[in-house]
Amino acid sequence: MFNFLDNFDIETFQKDLLSWFSRHKRDLPWRRTKDPYHIWVSEIMLQQTRVETVIPYFERFLEEFPTIEALAEAGEEKVLKAWEGLGYYSRARNLQTAVREVKESYGGVVPDTEDEIATLKGVGPYTAGAILSIAYNKPVPAVDGNVMRVLSRILFIEEDIAKAKTRKIFEQAVREMIPPDSASNFNQALMELGAIVCTPTSPACLLCPVQKECRAFHEGMQEQLPVKAKKKPPKPVKIAVAVLENAKGKFLINRRPKEGLLANLWEFPNCEVEAGKDYKEQLQSFFKNECQLNAVLHEEIMDFDHVFSHIKWELSVFRGTFNNNVMENEEIKLVNLQELQRFPFSVSHKKIIRRLVKWNSD
DNA sequence: TAAACGTGGCT
DNA sequence: TAGCCAAGTTT
């Protein structure tokens, strides 16, 4: 179907790459285990997330949930708290769903076939290949952004790697290149090369173990590859937030909806501000009309931006009080500053909490 | 197919 | 600074 491998010396490439990997691979926590569950956790955490960020989360997560059974039996709130700050929180909820499925349907053993593992929530084509190859040494592709970048340069592939269907081209190439008995090391080596040598900007071609097999380097085109379409900038959204404290020093917090952005995380009550409207007035009418809450808003205490991948929150935070008898339930809590710390919050709301804690200690 | 879905570090 | 990027998946 494709001819990118015509006249390509696969065996020399394998040997040079694997030899380099054995000497230069980083000592990472998930490289000290073959436990498929631990490998799985690492792969989910590493999705769109840097290695240095993941390491402490990985250590803490497996300390708290060391086995499939432990994670399967945990409360979702505990899992989200362990994931707090890591982002893409559906990963955590999907992981727990999938682990429960493995416990119920596979006797607690992570499946080792492409068809079975691909059915698990949160396990897409990359993660399926990563677990099968790294934990079970099965010769299947694990094509992530690193692999597409590396191979786009090595094989001079000019397809747009931002397009979903492009991944299949690279999977086909890997299926033809992967050594049947060294799948784990080969896939990890491709990714490691992308992380350490064949970087997005300023690749270290002079240190590259497969420089002589690289068609882009041969043409001086390594900086031009891979081809990747630009994504559109995040859309600005104005958010007005209220830090409401009652006479007993309790703060009002609520749980976010169970789907969508930051699903099931906790937050201070807030609303979106319509274009051209005043933050404080919008917030005041939000409480009056939509919450039936008798809130009195005071001065603005914070003003900052928080950027997601597709949205930019422009937050303005107001201090305030309330004197209703608020009914606590699964979605609404009244908690003091210490109790706040037990709930999972997104980073933007954690930032507000940090400010409150600082003031409280001053 | 393309948009939704987080965060922090680097240039 | 503002944009780009990192071991992607779901809908």
Side-chain angles (χ1 to χ4, degrees), chain A residues 25-26 28-31 39-58 80 83-95 97-98 117-135 141-150 160-168 170-171 174 184 186-196 198-203 226 228-237 256-265 267 305-313 344-351:
Chain A
K25 66 182 175 191
R26 291 168 291 179
L28 302 172
W30 43 91
R31 289 191 174 148
I39 303 288
W40 182 7
V41 170
S42 76
E43 290 302 338
I44 299 298
M45 287 187 170
L46 285 162
Q47 291 170 5
Q48 300 290 285
T49 310
R50 303 186 121 76
V51 165
E52 313 81 67
T53 303
V54 167
I55 291 173
Y57 281 91
F58 177 80
L80 283 176
W83 209 271
E84 183 185 63
L86 199 49
Y88 287 142
Y89 299 94
S90 66
R91 291 184 294 176
R93 296 181 302 128
N94 288 341
L95 176 59
T97 300
I117 204 165
T119 67
L120 299 172
K121 271 284 191 325
V123 177
Y126 163 75
T127 305
I131 297 172
L132 290 178
S133 62
I134 297 173
V143 173
D144 70 339
N146 285 126
V147 173
M148 288 196 282
R149 182 174 61 258
V150 168
D160 179 2
I161 67 167
K163 290 195 183 304
K165 65 177 183 183
T166 302
R167 195 196 66 251
K168 294 181 186 299
F170 291 93
E171 285 177 343
V174 171
S184 173
F186 185 79
N187 280 344
Q188 290 187 75
L190 280 176
M191 292 188 275
E192 192 79 343
L193 189 70
I196 296 177
C198 195
T199 49
T201 59
S202 312
K228 189 177 185 181
K230 295 189 194 311
K231 44 188 148 188
K232 51 184 211 179
K235 176 188 172 189
V237 175
R256 291 182 59 87
K258 65 181 188 305
E259 291 186 330
L261 185 64
L262 305 171
N264 282 357
L265 295 191
E267 65 184 4
D305 291 351
H306 185 82
V307 184
F308 301 100
S309 43
H310 60 306
I311 295 172
K312 180 172 80 163
W313 276 356
F345 285 84
S346 69
V347 167
S348 56
H349 285 251
K350 286 282 282 186
K351 192 169 176 179

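Just so it is clear: chains get the letters A, B, ... in the order the sequence lines come, proteins before strands, and each one is counted from 1.
Using a distance-only test at 3.5 Å, with no hydrogens or angles considered, a donor-acceptor pair links the side chain of A:T166 to the main chain of A:D160.
The phosphate of B:dA4 has neither OP1 nor OP2 within less than 4.0 Å of any side-chain N or O from A:H310. Considering only side-chain N and O atoms, A:T53 lies nowhere under 4.0 angstrom from the phosphate OP1 or OP2 of B:dG9. Considering only side-chain N and O atoms, A:R149 lies under 4.0 angstrom from the phosphate OP1 or OP2 of C:dA6. The phosphate of B:dG6 has neither OP1 nor OP2 within less than 4.0 Å of any side-chain N or O from A:H306.
Within 4.0 Å of A:G194, counting heavy atoms only, lies no atom of the nucleic acid at all. In this structure, A:T201 reaches neither bases nor backbone, as no heavy-atom distance under 4.0 Å exists between it and the strands shown. Using a 4.0 Å heavy-atom distance criterion, A:V147 is classed as making no nucleic acid contact. Within the 4.0 angstrom heavy-atom criterion, only backbone atoms of the sugar-phosphate kind lie near A:S346; the bases stay farther away. Contacts of A:W30 with the nucleic acid, taken as non-hydrogen atoms under 4.0 Å apart, include base atoms. Here A:V51 lies in heavy-atom contact (under 4.0 Å) with a base. A:R256 comes within 4.0 angstrom of nothing in the nucleic acid, heavy atoms only. At the heavy-atom level, A:L28 lies under 4.0 Å from base atoms of the strands shown. Nucleic acid contact for A:T49: base, since at least one base atom lies under 4.0 Å from a heavy atom of the residue. Residue contacts for A:I44: at a heavy-atom cut-off of 4.0 Å it reaches no nucleic acid atom on any strand shown.
The nucleotide whose nearest atom lies closest to any side-chain atom of A:K228 is, among B:dG6, B:dC5, C:dC5, C:dC5. Nearest nucleotide to the side chain of A:Y89, out of C:dG8, C:dC5, B:dT7: B:dT7. Set against C:dT9, B:dG6, B:dG8, the side chain of A:P125 has C:dT9 as its closest nucleotide. With C:dA6, B:dC5, B:dA2 as the candidates, the nucleotide lying closest to the side chain of A:K163 is B:dA2.
Rounded to whole Å, atom C1' of C:dT9 lies 14 Å from atom CG of A:D144. In this structure, CZ of A:R50 is placed 13 Å from C1' of B:dG6, rounded to the nearest angstrom. As rounded to whole Å, 5 Å separates atom P of B:dT1 from atom NZ of A:K165. The nearest whole Å value for the distance from the CD atom in A:Q48 to the P atom in C:dA6 is 8 Å. The separation between A:W313 atom CH2 and B:dC5 atom P is 10 Å, rounded to whole Å. Spacing between atom CD1 of A:I55 and atom P of B:dG8 amounts to 16 Å, rounded to whole angstrom units. For A:L46 and C:dT9, the CG to P distance is 12 Å, given to the nearest whole Å. If you measure from atom NZ of A:K258 to atom P of C:dT11, you get 13 Å, rounded to the nearest angstrom.
Under the side-chain contact (heavy atoms from CB on, under 4.5 Å) criterion, A:V51 pairs with A:R26, A:L28, A:W30, A:L46, A:I55, sequence neighbours left out.
Look at the P atom in both B:dC5 and C:dA2: the space between them is 24 Å, to the nearest Å. Of the C1' atoms belonging to C:dC5 and B:dG6, the separation is 13 Å, rounded to the nearest Å. Straight-line distance between the C1' atoms of C:dT10 and B:dT1: roughly 13 Å, to the nearest whole Å.
Each of A:K230 and A:M191 was assigned the nucleotide of DNA chain C with the nearest heavy atom; the assignment lying further toward the 5' end belongs to A:K230. Each of A:K231 and A:R26 has a nearest nucleotide on DNA chain C; the 5'-most of these lies closest to A:K231. Two residues, A:F345 and A:T166, neighbour DNA chain B, and the one matched to the more 5' nucleotide by heavy-atom proximity is A:T166.
When only modelled atom types and interatomic distance are considered, A:T49 and A:R91 share a side-chain donor-acceptor pair under 3.5 Å.
In this structure, A:N264 and A:Y89 have side chains that are not in contact, with every pair of non-hydrogen atoms separated by 4.5 Å or more.
The heavy-atom pair separating A:P226 from A:I161 by the smallest distance is CG-CD1, 3.6 Å. Scanning all heavy atoms of the two residues, the minimum distance from A:A229 to A:A162 falls at N-CB, 3.8 Å.
Under a 4.0 Å N-O distance rule, the pair A:K350/A:E267 does not qualify as a salt bridge.
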